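The next block holds one structure in the form of C-alpha cells; read it before the comments.
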Amino acid sequence: MPELPEVEVTRRGIDAPLRGAQVLHARLGKPLRWPLGVAPDSLRHATVGAVARRGKYLWLPLRGGARDGGLLMHLGMSGSLALAAQAGPPGPHDHFDLVTTHGTLRLTDPRRFGAVVWAPSLADDPAARLLSTLGPEPFDVALTADCFHAALQRRRAPVKAVLLSGEAVVGAGNIYACEALFAAAIHPALRADRISRPRAARLLQAVRDVLAQALELGGSTLRDFRDAHGISGAFQTQARVYGRAGEPCGRCGAPIRRLLQGQRATYFCAHCQKR
DNA sequence: AGTTAAACCTGGTTGC
DNA sequence: TGCAACCAGGTTTAAC
C-alpha cells in the first residue's frame, strides 16, 4: 500500500478540489474489506468538507445528506484514489465512485484490501474502533524521543515488527520501516526493548526524515500507486535497501540482505545495521 | 498478555 | 508454452 506518504499525497490531491462539492451519486463495485454500512443513495446531496488523514486512513466529512457523517477510507495494499472531472465507465478494479459536482472520486483497488466505511464521526464506531489501535502521528510535536523510547521499551518483539505495528508511531509500512532502520543503522531483528534512548531518538528522526523525503517525491510506486491526478511516486528509485537484495550497500558496499520477519520481507545491510 | 500465523484477494514474475 | 509456486505497499482475527 500506500503507506503514510502515499496516503498524504492522495489527501493533498483531493482536499482542495473536493471542498464544498455536492454528492450527486455513489456507486459500489465488488465488496471491499468491510461493507459501506449505509445505502449508497443516502450519501446524495451531502456536502464534502475538509479531507483529513489519520495514519493510513482518510476521512471525508459529509454533511447535509440523509445523515451527517463521513467516509473512512483505506487504500489497503493496492488501492489508489483518482479525482477526474469526467470519469469513464468503471473498470473491473474500480470498486467505489463518489460522483460530485466537482468531479468523480474513484477508488481503484485490484486486491480489495482497501475499505470505504461510513461513520457518524471519527469519534463514533466503526471509525473509532478502527482508529483506536493507532499510535501517535510521526509529525506530532507531542511525540518526543522519550515517548518513542518508552513505547519501544514496552515491546520485546523485533524493532522492525514494532515499527510495522504502528504502536510507537504510525505511518511506516514495509518500505519506510526498512529505510528508517537503515538510516538509523539499527538491525531490524534487534528487540525493541533493547534499544537505548539515544538510538531510539535517532530512529524516530530517521522515520520522520524518510517519510518527509517520500512525501516530497510523491510517495513510492511499486506497481499500483498513483496520486489523485494519476501520477506515480518516485521514492522507490531512492530507496537504499528496500527491494535491493544482492545489490551493494550504498554506504559500505556489502550486499543488501533479505530476511523474512512475520511473513514480511525485510531488506537491510548486515554490516551497517548493528544489533 | 504478548507474539506469531492465517486470512482476506488479484495479478505479475519466476522456475520447472 | 503451460502451469505451479511464490511474491507484493496492510491490518484484523484467530491461534499458540
Side-chain angles (χ1 to χ4, degrees), chain A residues 1-10 29-35 53-58 72-81 90-96 107-117 125-135 151-181 188-194 207 210-211 214-215 217-227 232-239 241-246 258-267:
Chain A
M1 142 183 177
E3 304 182 31
L4 183 145
E6 292 76 24
V7 178
E8 178 61 20
V9 162
T10 300
K30 287 170 126 180
L32 293 162
R33 178 150 196 183
W34 298 293
R53 179 192 56 73
R54 174 74 175 99
K56 300 170 189 172
Y57 287 91
L58 288 173
L72 191 68
M73 313 181 86
H74 198 289
L75 302 180
M77 287 276 258
S78 57
S80 59
L81 281 169
H93 302 307
D94 297 333
H95 303 303
F96 179 74
L107 174 68
T108 303
D109 184 6
R111 294 179 72 180
R112 291 191 282 126
F113 288 167
V116 182
V117 176
D125 282 341
R129 189 177 57 80
L130 291 170
L131 302 181
S132 67
T133 59
L134 301 188
L152 294 182
Q153 289 298 113
R154 288 193 283 271
R155 297 290 307 274
R156 306 170 68 161
V159 60
K160 160 77 177 332
V162 173
L163 280 180
L164 287 186
S165 80
E167 188 178 318
V169 63
V170 294
N174 211 30
I175 298 175
Y176 305 120
C178 290
E179 294 299 315
L181 286 166
L190 178 62
R191 273 171 49 163
D193 63 349
R194 298 262 172 86
V207 168
V210 164
L211 294 179
L215 211 41
L217 291 171
S220 297
T221 297
L222 297 190
R223 171 170 291 121
D224 301 295
F225 178 72
R226 299 291 185 281
D227 74 9
S232 298
F235 180 89
Q236 70 283 357
T237 66
Q238 305 296 308
V241 287
Y242 184 84
R244 300 198 181 281
R258 178 184 185 275
L259 82 136
L260 274 181
Q261 291 183 294
Q263 315 295 82
R264 310 296 301 279
T266 298
Y267 299 88

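Naming convention: chains lettered A, B, ... in sequence-line order (proteins, then strands); numbering from 1 in each chain. In this text the structure is predicted, and so the values were computed from the model without any measurement.
Using a 4.0 Å cutoff to heavy atoms of chain A, the contacted part of DNA chain B runs 5' to 3' from B:dT3 to B:dG12.
Under the rule for a side-chain hydrogen bond (donor to acceptor under 3.5 Å, both in side chains), the partners of A:E8 that lie at least two apart in sequence or sit in another chain are A:R11, A:R12, A:R53. By the side-chain hydrogen bond (donor to acceptor under 3.5 Å, both in side chains) test, A:S165 pairs with no residue at all, sequence neighbours left out. Residues passing the side chain to side chain contact (heavy atoms under 4.5 Å, CB included) test with A:P126 are A:V117, A:A119, sequence neighbours excluded. Scanning for side-chain hydrogen bond (donor to acceptor under 3.5 Å, both in side chains) contacts around A:T133 gives an empty result, with sequence neighbours left out. Listed by chain and residue number, nothing satisfies the side chain to side chain contact (heavy atoms under 4.5 Å, CB included) test with A:R223 (two or more places apart in sequence, or in another chain). The side chain to side chain contact (heavy atoms under 4.5 Å, CB included) search around A:L32 returns A:H95, A:L107, A:D109, A:R112, A:V116, not counting sequence neighbours. A search for side-chain hydrogen bond (donor to acceptor under 3.5 Å, both in side chains) contacts involving A:Q153 returns A:H149, not counting sequence neighbours.
Out of C:dG10, C:dT12, C:dA8, the shortest distance to the side chain of A:H74 is found at C:dG10.
For the contact set between residues 156-167 of chain A and DNA chain B, defined by any heavy atom under 4.0 Å, the members are A:R156, A:A157.
Among the protein residues, A:Y242 comes within range of the sugar-phosphate backbone only, with heavy atoms under 4.0 Å from sugar or phosphate atoms but none that close to a base. As judged by a 4.0 angstrom heavy-atom cut-off over every strand, A:R223 is placed among the base-contacting residues.
Paired runs in DNA chain C that reach 3 or more consecutive Watson-Crick or G-U pairs, where each pair keeps both distances under 3.5 Å, cover B:2-8 with C:10-16, B:10-16 with C:2-8.
Taking the six-membered ring wherever Trp is involved, the centroid distance between the rings of A:Y176 and A:F235 falls below 6.0 Å.
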Between the protein and nucleotides 14-16 of chain C, which nitrogen or oxygen pairs are less than 3.5 angstrom apart?
none

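Applying the salt bridge (charged side-chain N to carboxylate O under 4.0 Å, His left out) test to residues at least two apart or on different chains, the pairs with a partner in residues 154-176 of chain A are A:R155-A:E167.
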